[in-house]
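First the structure, in the form of structure tokens, and then the observations on it.
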Amino acid sequence: MLALVGFVGLCLLVGAADAALLRNSAWAWYMSLTLPPGTPPTWIFAAAWTALYGTIGTAAWLVWRQVGAGAALRLWGWQIAANALWTPAFFGLHQIALALAVNIVLLALVALTGRAFARLVPAAGWLMLPCLAWTAYAVYLNAGLWWLNRI
């Protein structure tokens, strides 16, 4: 059970570190952008990612518990790293195109991780599907922000 706390905790730590970068000035900049259709209220992002971190941490724990460390968990680690890079690229550097590139890489890593997990522990693969759907939606939003706010 302690390992489960560790896997989920690592994911939540990434989210907390990214949240620490968000100050009022970052949100003011974001709100000054032209937002694409279907953009949710800002509070949805933190709620969604908190839930997703729980599911992807649990998925990784299930794989680790069943088969131990290996290629699938390395993919998961790269996915977590890519996830951690998005907020500094977007909110820290105000580089929408760079953030979009990170988001596309993240989407590919989530898909690859989900497939690898599903082959090893089907339940873990299913737990990755909400993250895949949300990340695809995030790519749409990020692409829309890039397109609507090109200089």
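Only this structure's heavy atoms are used, side chains among them; waters, hydrogens and symmetry mates stay out. The model shown is predicted, which means the values in this text are computed figures rather than measured ones.
Looking at F117 and V121, their side chains never come closer than 4.5 Å, going by heavy atoms from C-beta outward. Between L132 and L107 the shortest side-chain heavy-atom distance falls below 4.5 Å.
P40 pairs by the side chain to side chain contact (heavy atoms under 4.5 Å, CB included) definition with I44, F45, Y137, L141, not counting sequence neighbours. With sequence neighbours left out, the ring-ring contact (aromatic ring centres under 6.0 Å, His included) criterion links Y140 to no other residue. Scanning for side chain to side chain contact (heavy atoms under 4.5 Å, CB included) contacts around R74 gives A71, with sequence neighbours left out. Among residues two or more places apart in sequence or in another chain, the side chain to side chain contact (heavy atoms under 4.5 Å, CB included) test is passed with A84 by V14.
Taken together through direct or relayed side-chain contacts under 4.5 Å among Ile, Leu, Val, Met, Phe, Trp and Tyr, L148 and W27 form part of one hydrophobic cluster. A single hydrophobic cluster is seen to contain both Y30 and W49, as judged by linkage of ILVMFWY side chains at heavy-atom distances under 4.5 Å, directly or through other members. W86 and I80 fall within a single hydrophobic cluster, where Ile, Leu, Val, Met, Phe, Trp and Tyr side chains are chained together by heavy-atom contacts under 4.5 Å. Hydrophobic clustering (side-chain heavy atoms under 4.5 Å, transitive across Ile, Leu, Val, Met, Phe, Trp, Tyr) groups W126 together with V110.
In this structure, CG on L73 lies 7.5 Å from CH2 on W76, to the nearest 0.5 angstrom. Atoms CG and CG, from N149 and L33 in turn, are 4.5 Å apart once rounded to the nearest 0.5 Å.
In terms of modelled atom types and a separation under 3.5 Å, the side chain of R115 and the main chain of L112 share no donor-acceptor contact.
Residue pairs meeting the side-chain hydrogen bond (donor to acceptor under 3.5 Å, both in side chains) criterion with at least one member in residues 32-46, sequence neighbours excluded, do not occur.
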Acceptor/donor pairs from residues 91-106 side chains to any protein atom, 3.5 angstrom cut, sequence neighbours excluded:
| residue | atom | partner | partner atom | Å |
| --- | --- | --- | --- | --- |
| H94 | NE2 | F91 | O | 3.2 |
| N103 | ND2 | A138 | O | 3.3 |
| N103 | ND2 | N142 | OD1 | 3.4 |

Let me check something: any side-chain donor-acceptor pairs from residues 53-67 under 3.5 Å, sequence neighbours excluded? List them with distances.
| residue | atom | partner | partner atom | Å |
| --- | --- | --- | --- | --- |
| Y53 | OH | N83 | OD1 | 2.9 |
| T55 | OG1 | L52 | O | 2.9 |
| T58 | OG1 | G54 | O | 2.7 |

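Crowding of W134 atom CH2: a count of heavy atoms from other residues, nucleotides or ligands under 6.0 Å exceeding 12.
Heavy-atom minimum distance, L120 versus A72: CD1-CB, 3.6 Å.
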